[in-house]
Amino acid sequence: SMGLCGAAIYAARSALRFGTGLVTLAVPRSVVPIMQGAVPGAMCLGLPEADGRLSLEASDALRGALSGKDAFVIGPGLGAVPPELVTAALDSGLPGVVDADALNALSTDPVLLSRLSGKHVITPHPGEAGRLLRRVADDPARDSAILHKATCAVVLLKGASTVVTGERQTLIYSGSGGMATGGSGDVLSGMIGALLSQGVEAEDAACAAAHIHGLSGSRAADVLSQTCMNASDIIDCLPETVRDLSTRFGIVL
């Protein structure tokens, strides 16, 4: 939405950097020039809008746009929009990431929650998890397990200790305090979406992306300091992080 473009830009840039062959940004028509200038490697689809946000009429166009795609990410920079837009993504049958404002839509519409499946990764921070649980989220392991049981989706509960819950529960210990900055979560969503688009199963995609996201954030902090790093630096450090991992484990990437 207008005024929230940075979140979608971070998600698209990280998806492109993390191995996605083609990214399409589905955005209000009025922000297409902003997005094309910020992410020239992505295609842009301008959709119907009202006051700078996607309108109800955009849902049909979004359903058509999802045809032929391999995965989706919905939520970064979305703003308050009709829940039918989230429904269109969830009903596509594609694996996908549900984040940010799309999570807020889920918390206000129980029917949407029922559309989640094991193909989906939801990525709440504690505040968003609390809205989904309708109480304070204060125990990452317990709360992510409850959300997984309630939704069947893979749950990545972000925080100082990030927990991924699916068939198993995984603690992600990589990262630095400098990652507590606007856009860091959007970068992670783009990375998970990138792995989903390459055929990685949802739980494995969430764990791998979160760990590599943390390693890249630690590298950025080492180079720039925790104080001076931002979300763009996490993306910029991804190539060296991936190259180091491939060398260490003898993987060709």
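If you're wondering where the values come from, they're calculated on a predicted model, not measured in any experiment. All values below come from the heavy atoms of this structure, side chains included, with hydrogens, waters and symmetry mates left out.
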Identify all side-chain donor-acceptor contacts of residues 27-45 below 3.5 Å with residues at least two apart in sequence or on another chain.
| unit_1 | atom_1 | unit_2 | atom_2 | d |
| --- | --- | --- | --- | --- |
| Ser30 | OG | Glu49 | OE1 | 2.9 |
| Ser30 | OG | Glu49 | OE2 | 3.1 |

Please list, one pair per line, the donor and acceptor atoms closer than 3.5 Å that link side chains of residues 74-88 to other protein atoms, with sequence neighbours excluded.
| unit_1 | atom_1 | unit_2 | atom_2 | d |
| --- | --- | --- | --- | --- |
| Thr87 | OG1 | Pro83 | O | 3.2 |

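Heavy atoms only, all atoms of each residue included: Pro124 and Leu147 are closest at CG-CD1, 4.4 Å. Looking at every heavy atom in both residues, Ala221 comes nearest to Ser176 through CB-OG, 3.6 Å. Closest approach of Ser218 to Gly175, counting heavy atoms only: OG-O, 3.1 Å. The minimum heavy-atom distance linking Ala58 with Pro48 is given by the pair CB-O, 3.6 Å. Across Ser144 and Gln169, no two heavy atoms sit closer than the pair OG-NE2, 3.3 Å. Smallest separation of non-hydrogen atoms from Ala26 and Leu47: CB-CD1, 3.9 Å.
Proximity of Val97 to His120: side-chain heavy atoms (C-beta onward) are nowhere separated by under 4.5 Å. Contact check for Ile212 versus Phe18: side-chain heavy atoms found under the 4.5 Å cut-off. A heavy-atom distance below 4.5 Å is found between the side chains of Leu94 and Leu66. By the 4.5 Å heavy-atom criterion applied to side chains, His213 and Ser184 are counted as neighbours. Residues Met229 and Cys237 are not in side-chain contact: their nearest non-hydrogen atoms beyond the backbone lie 4.5 Å or more apart. No side-chain heavy atom of Thr170 sits less than 4.5 Å from a side-chain heavy atom of Thr165. Here the side chains of Val223 and Asp233 are not in contact, with every heavy-atom distance at 4.5 Å or above. Proximity of Val187 to Met179: side-chain heavy atoms (C-beta onward) are nowhere separated by under 4.5 Å.
Between the side chain of Ser225 and the backbone N or O of Cys228, at least one donor-acceptor pair lies under 3.5 Å.
Rounding to the nearest 0.5 angstrom, the gap separating the OG atom in Ser174 from the CG atom in Leu215 is 4.5 Å. Note that the CG atom of Leu106 and the OG1 atom of Thr151 stand 9.0 Å from one another [nearest 0.5 Å]. One distance of note links CG of Asp109 with OG of Ser114; it measures 8.5 Å at 0.5 Å rounding. Here the straight-line distance linking atom OG of Ser216 with atom CD1 of Ile234 works out to 6.5 Å at 0.5 Å rounding. Annotation: the span from Leu54 atom CG to Asp51 atom CG amounts to 12.5 Å, rounded to 0.5 Å. For the atom pair CD1 of Ile192 and CG of Leu156, the computed distance is 5.0 Å after rounding to the nearest 0.5 Å.
In the hydrophobic clustering of ILVMFWY residues, with side-chain heavy atoms under 4.5 Å counting as a link, Val73 and Val200 come out apart. Val163 is not connected to Leu133 by any chain of hydrophobic side-chain contacts under 4.5 Å among Ile, Leu, Val, Met, Phe, Trp and Tyr, and they are in different clusters.
Every residue two or more places apart in sequence or in another chain that forms a side chain to side chain donor-acceptor pair (under 3.5 Å) with Glu240 is listed here: Arg219. Take Tyr173 and apply the ring-ring contact (aromatic ring centres under 6.0 Å, His included) test, not counting sequence neighbours, and it matches His211.
Salt-bridge check for Asp236 with Arg13: passed, with a basic side-chain N closer than 4.0 Å to an acidic carboxylate O. Salt-bridge formation is not detected for the pair Asp101/Arg53: no Lys NZ or Arg NE/NH1/NH2 atom is positioned less than 4.0 Å from an Asp or Glu carboxylate oxygen.
Screening residues 61-75 for side chain to side chain donor-acceptor pair (under 3.5 Å), with sequence neighbours left out, gives no hits. Judged as a ring pair (Phe, Tyr, Trp, His ring centres under 6.0 Å), not a single pair has a partner in residues 31-62 (not counting sequence neighbours).
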When you look at Thr20 and Leu195, which way does the side chain to side chain contact (heavy atoms under 4.5 Å, CB included) test go after all the steps?
-> CA-CA 8 Å; Thr20 308; Leu195 292 180; over 6 Å; no
Residues Val164, Val154; criterion side chain to side chain contact (heavy atoms under 4.5 Å, CB included); working and verdict = CA-CA 7 Å; Val164 178; Val154 174; 3.8 Å; yes
Tell me, with the steps shown, if Val98 and Thr123 meet side chain to side chain contact (heavy atoms under 4.5 Å, CB included).
-> CA-CA 7 Å; Val98 183; Thr123 58; over 6 Å; no
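Tested against Phe72, the residues Ser92, Pro95, Ser197 include a single side chain to side chain contact (heavy atoms under 4.5 Å, CB included) partner, Ser92. Applying the salt bridge (Lys or Arg N to Asp or Glu O under 4.0 Å) test between Lys158 and each of Asp143, Asp186, Asp99 identifies Asp99 as the sole match.
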